[in-house]
Amino acid sequence: MRTQVGIIGAGPAGLMLSHLLHLAGIDSIIIENRSRDYIEQRIRAGLIEQWATDMLVETGVGERMNSEAMFHDGNYLCFNGELHHLNFRKLVGKGITIYGQQEVVKDLVDRRLADGGQILFEVDNVSVHDVDGKTPKIMFRQDGKEQEIVCDFIGGCDGFHGICRPGFPDGLLTFYDREYPFGWLGILSESPPPKDELIYSYHDRGFALYTMRSPTLARLYIQVDYDEDIKNWPDDRIWEELHIRLGGTCKLQEGKMLQKGVTPMRSFVCEPMQHGRLFLAGDSAHIVPPTGAKGMNLALADVRVLSRALTEFYKTGQTARLDGYSDTCLKRVWKAQRFSWWMTQIFHRFPDELPFDHRRQLAELDYVATSTAAATALAENYTGLPID
Ligand code: RFL
Ligand code: PHB
């Protein structure tokens, strides 16, 4: 097989890269080791920044989102038994969109296939070769048959556990890593969310987040130990904890639990994000704790930068944007890392924290809730820093 850009991974990064390249007249093939059904059902992110919402609409994949998503102007902070509303629209003129990552994935898969794009599902044994030369190759197996894609460039969009990052030559990459001493237990419940917008709650017993997928579908998270076994959490115990951590500020309706699971939390960046003609994008290059809701948004931002660099190369032969890809992305990645770390450290209880830290966290939350300057900084980061 021959294409201009070979893409590994059909998550938000790989699919959006392929879509943006198609709009610029550049061919690509995506290979994905899971089935179409699997990637379209995988429950993950739910919050899309303003610029990314606009990009989905402007590039023609926002139609279903426009009719089904929930558009929020703000959110709530909950601490000391009180709710405090932040109005992002008033503070920075932007909002956020609540629309499941798997819905974005479905919309992009539909659109790529309708536009004649190629997505090869359920491949295995994937490896990359000759990324130092002008015609890198992707080798893989599909239906037991060895296959090869010869391309000009490779998009390494294969997530945190993919093969692209480990395939970089020894010693080339620097890793920046931080693990947190807790995880999130998340549920999807057939019940209305407790409020019209998201609630981030700081409670003596730990953090809780009350988000949603629709007016009748709540997505709820509680802070638990990083190695917590979901077997220790029967439904009743989860509901009890979710009620307590709302601090009596509003009522939570219980519903049928459609899904539950525990996610560990980490911050991770690898530098640089490129080598030869292999470019990493999204979770393959960086991971953020979900408190800032930045993971999918960063993946979309990376591929927007990459698609522009590739477009410039194919139109003019210039490599300046391609050469600067990693530096351009990392500037924004580190700001999102900083914000995600900040949100994580003000909202969670740490096992080794001092009484001093507890009081400091409460003071910080009170500062955000009462100072326009502090709230503006949160709103600016939460709704998404400028992309260009
Ligand atoms: P993905 O989505 O992991 O996609 C990578 C794809 O590559 C495939 N793959 C391979 N394919 C071929 N060959 C191989 N060898 C392969 N190895 C892997 C995988 O099957 C997969 O299909 O990475 P991508 O595209 O970079 O997208 C990143 C996002 O998925 C991730 O950052 C977000 O889900 C993080 N995240 C959130 N991000 C947000 O922006 N807003 C949120 O509200 C938000 N909430 C969350 C989150 C992640 C969570 N979990 C479960 C980690 C909440 C949670 C609980
Ligand atoms: C979600 O809707 O799943 C979600 C929203 C905001 C976050 C994390 C997850 O910070």
Side-chain angles (χ1 to χ4, degrees), residues 6-18 30-36 38-49 52 69-70 72 75 96-102 104-105 108-109 119-128 138-142 155-167 183-188 193 197-200 207 209-214 217-221 259-266 268 280-303 336 339-340 343-344 347 382 384:
I7 298 174
I8 307 179
L15 289 163
M16 184 51 106
L17 177 60
S18 181
I30 305 179
I31 61 165
E32 164 60 51
N33 62 3
R34 301 288 193 156
S35 66
R36 177 174 179 182
Y38 183 91
I39 64 157
E40 290 187 345
Q41 302 304 326
R42 188 166 45 193
I43 296 175
R44 281 196 171 174
L47 187 152
I48 308 176
E49 294 174 353
M70 306 170 86
H72 291 180
N75 72 8
I96 50 115
T97 302
I98 296 296
Y99 189 60
Q101 175 171 324
Q102 75 275 24
V104 175
V105 163
L108 284 166
V109 169
I119 309 173
L120 310 179
F121 291 102
E122 296 184 76
V123 308
D124 63 5
N125 233 10
V126 180
S127 56
V128 294
I138 305 173
M139 316 272 273
F140 61 99
R141 201 164 48 197
Q142 195 183 28
C157 304
D158 52 349
F160 186 64
H161 300 288
I163 54 96
C164 289
R165 189 182 66 250
W184 280 13
L185 187 161
I187 66 161
L188 190 67
E197 293 175 333
L198 276 57
I199 305 174
Y200 286 74
F207 172 71
L209 172 62
Y210 305 79
T211 168
M212 60 197 79
R213 290 294 175 270
S214 76
L217 208 51
R219 177 81 170 137
L220 309 166
Y221 299 98
Q259 193 252 357
K260 61 180 185 179
V262 176
T263 316
M265 312 255 287
R266 79 187 305 162
F268 171 85
L280 302 180
D283 277 16
S284 68
H286 39 73
I287 295 282
V288 282
T291 332
K294 293 286 166 242
M296 173 169 62
N297 293 294
L298 282 179
L300 295 174
D302 287 351
V303 298
F339 177 69
S340 304
M343 287 284 281
T344 302
F347 276 109
Y382 192 76

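Everything numeric here is computed off the predicted structure, so don't read it as measured data. Start at 1 and go down the list; that is how both ligands and their atoms are numbered.
Across the listed options Y200, W184, Y382, Y200 owns the non-hydrogen atom lying nearest to atom 6 (C) of ligand 2. Heavy-atom proximity to atom 8 (C) of ligand 1, evaluated over H161, M265, E32, E122, is greatest for E32. Atom 2 (O) of ligand 2 has its nearest heavy-atom neighbour, among R219, K294, R213, in R213. Considering I48, L298, N33 only, the shortest heavy-atom separation from atom 16 (C) of ligand 1 involves N33. When the options G11, P12, P264, C157 are ranked by their closest heavy atom to atom 27 (O) of ligand 1, first place goes to P12.
When heavy-atom distances to ligand 1 are checked against a 4.0 Å cut-off, Y221 comes that close only through its side chain, counted from C-beta outward. With a heavy-atom cut-off of 4.0 Å, A299 touches ligand 1 through its side chain alone. Contacts with ligand 1 closer than 4.0 Å are made by side-chain heavy atoms of I8 only, the backbone lying farther away. Residue-level proximity to ligand 1 for D283 is carried by backbone and side chain together, each with a heavy atom below 4.0 angstrom. Heavy atoms of S284 found under 4.0 angstrom from ligand 1: none, in either backbone or side chain.
Ligand 1 has an N or O atom lying under 3.5 Å from an N or O atom of R44, backbone or side chain. Between L47 and ligand 2, not a single N/O pair is under 3.5 Å apart. Considering backbone and side-chain atoms alike, R42 places an N or O below 3.5 Å from some N or O of ligand 1.
Set against the non-hydrogen atoms of A293, the atoms of ligand 2 under 4.0 Å away are 6 (C), 7 (C), 10 (O). Taking a cut-off of under 4.0 Å to the non-hydrogen atoms of G159, the atoms of ligand 1 that pass are 3 (O), 5 (C), 23 (O). Atoms of ligand 1 found under 4.0 Å from any heavy atom of G162 (numbered from 1 in listed order, with element): 17 (N). Ligand-side atoms of ligand 1 in range of G46: 42 (C), 43 (O), range being under 4.0 angstrom from any heavy atom. Close approach of ligand 2 to Y221 is summarised as follows: ligand atoms under 4.0 Å from at least one heavy atom of the residue are 1 (C), 3 (O), 9 (C). Each of the atoms 7 (C), 8 (C), 10 (O) of ligand 2 lies under 4.0 Å from some heavy atom of P290. The contact set between ligand 1 and Q101, taken as ligand atoms under 4.0 Å from a residue heavy atom, comprises 2 (O), 29 (C), 30 (O), 33 (C), 34 (O). Near L198, meaning under 4.0 Å from any of its heavy atoms, are these atoms of ligand 2: 5 (C), 6 (C). Atoms of ligand 2 found under 4.0 Å from any heavy atom of T291 (numbered from 1 in listed order, with element): 10 (O). Atoms of ligand 1 found under 4.0 Å from any heavy atom of I39 (numbered from 1 in listed order, with element): 22 (O). Below 4.0 Å from some heavy atom of R34 lie the following atoms of ligand 1, by number and element: 20 (O).
Contact check on R36 versus E122 returns no salt bridge, with no Lys/Arg side-chain nitrogen under 4.0 Å from an Asp/Glu carboxylate oxygen.
Summary of contacts: the protein heavy atom closest to atom 45 (N) of ligand 1 is A45 CA, 3.3 Å.
Using a non-hydrogen distance threshold of 4.0 Å, I98 does not register as a contact of ligand 2.
Judged by the 6.0 Å and 45° rule, R219 forms no cation-pi pair with Y210.
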